[in-house]
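Shown next, in structure tokens, is the structure this report addresses.
Each ligand, and each atom within it, is numbered from 1 in the order the structure gives.
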Amino acid sequence: MRLKNICKNFGDVEVLKDFNLNVDEGEHIAIMGKSGKGKTTVLNIIMGFELPDSGEIHLPNEMSTVFQENRLCEDFCAISNVCLLKGNKSLAKEILGKLGIDSIQKINTMSGGQKRRVALARCLAKSAGLYIFDEALKGLDEKTKAVAMTVIKEYTDGKSAIFVTHDINEAKDFADRIVEI
Ligand SMILES: Nc1ncnc2c1ncn2[C@@H]1O[C@H](COP(=O)(O)OP(=O)(O)OP(=O)(O)O)[C@@H](O)[C@H]1O
């Protein structure tokens with residue numbers, strides 16, 4: 001994946017100026033930076049939700065994302081959310097189990113941290129050339145974070161991934177390289 005000389009302004013606000021980012025095949029990177037510096041804007045450009053004003057973008061065909069918000073169907077159970085469009089039910093169940101989630105529990109009966117883990121399972125159960133995690137461990141307690149990080153590393157092993165976080169320990173734990181915005 002490659003972003004080259006990306007520029008992006010919102011009105012008068014210059015968010016990205018000649019921003020470059022390379023993620024090699026199988027590489028894990030972390031993106032860090034103060035709130036409002038443009039981390040989510042970079043992810044939105046990668047995912048095609050925002051167009052840059054200028055610059056070059058080279059992307060793999062398939063991407064899988066944990067957004068900052070969970071974006072789950074509240075009336076459905078965990079496994080239905082993970083397999084919503086298409087999906088391997090046994091893989092979904094395996095990942096949900098490793099994250100401590102009952103696959104038939106409805107989302108609207110779950111805590112915030114349980115919902116976060118369902119969103120994470122949905123991302124990991126999809127086969128992709130690039131995995132994107134936007135504050136994926138937000139709202140989890142320390143013990144659950146450690147379990148979730150182990151699961152993320154297991155299912156992204158050998159695959160390209162971008163992990164946005166404010167936590168330097170998470171960044172060091174996950175990434176081969178940390179990029180500051
Ligand atoms: N759709 C938009 N319209 C106008 N301004 C925007 C839009 N999206 C982002 N911005 C502005 O762009 C800047 C970067 O926002 P962005 O969400 O990328 O930051 P961030 O680094 O992800 O922040 P955080 O760590 O708080 O999530 C901010 O000043 C924000 O107000």
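- The side-chain contact (heavy atoms from CB on, under 4.5 Å) test with Leu99 is passed by exactly one of Arg116, Glu94, Arg117, Gln114: Arg117.
- At least one heavy atom of Gly38 sits closer than 4.0 Å to an atom of ligand 1.
- Here the protein heavy atom with the shortest distance to atom 17 (O) of ligand 1 is Thr40 CB, 3.7 Å.
- Note that atom 31 (O) of ligand 1 has no protein non-hydrogen atoms nearby, at separations under 4.0 angstrom.
- Lys126 and Tyr131 share no side-chain donor-acceptor pair at under 3.5 Å.
- Using a 4.0 Å cut-off between charged side-chain N and carboxylate O, Lys145 and Glu170 make a salt bridge.
- Using a 4.0 Å cut-off between charged nitrogen and carboxylate oxygen, Lys115 and Glu74 count as a salt-bridge pair.
- Of the protein's non-hydrogen atoms, the one nearest atom 27 (O) of ligand 1 is Gln68 NE2, 3.1 Å.
- Counting protein heavy atoms only, atom 12 (O) of ligand 1 is closest to Val15 CG2, 3.3 Å.
- Of the charged side-chain nitrogens involved, none lies within less than 4.0 Å of a carboxylate oxygen, so that Glu180 and Lys37 do not count as a salt-bridged pair.
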Worksheet item: For Asp141 and Thr144, what are the C-alpha separation, side-chain angles and deciding distance, and is it a side chain to side chain donor-acceptor pair (under 3.5 Å)?
Response: CA-CA 5 Å; Asp141 63 80; Thr144 310; 2.7 Å; yes
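- Ranking protein heavy atoms by distance to atom 26 (O) of ligand 1, first place goes to Ser35 OG, 2.5 Å.
- Using a 4.0 Å cut-off to heavy atoms of Thr41, the atoms of ligand 1 that qualify are 14 (C), 15 (O), 16 (P), 18 (O).
- Figure legend: cation-pi geometry between Lys172 and Phe174 absent, as NZ or CZ is not positioned both under 6.0 Å from the six-membered ring centre and within 45° of its axis.
- Using a 4.0 Å cut-off to heavy atoms of His166, the atoms of ligand 1 that qualify are 25 (O).
- A pairwise comparison of heavy atoms in Ala171 and Ile178 identifies CB-CD1, 3.8 Å as the closest pair.
- Close approach of ligand 1 to Lys39 is summarised as follows: ligand atoms under 4.0 Å from at least one heavy atom of the residue are 18 (O), 19 (O), 20 (P), 21 (O), 22 (O), 23 (O), 24 (P), 25 (O).
- There is a side-chain donor-acceptor pair under 3.5 Å between Asp134 and Thr40.
- With respect to atom 13 (C) of ligand 1, the closest heavy atom belonging to the protein is Gly36 O, 3.5 Å.
- Taking every non-hydrogen atom of Lys34 and a distance limit under 4.0 Å, the qualifying atoms of ligand 1 come out as 21 (O).
- Counting atoms of ligand 1 from 1 in the listed order, those under 4.0 Å from a heavy atom of Lys37 are 19 (O), 21 (O).
- If you check which protein heavy atom lies closest to atom 3 (N) of ligand 1, you get Phe10 CD2, 3.5 Å.
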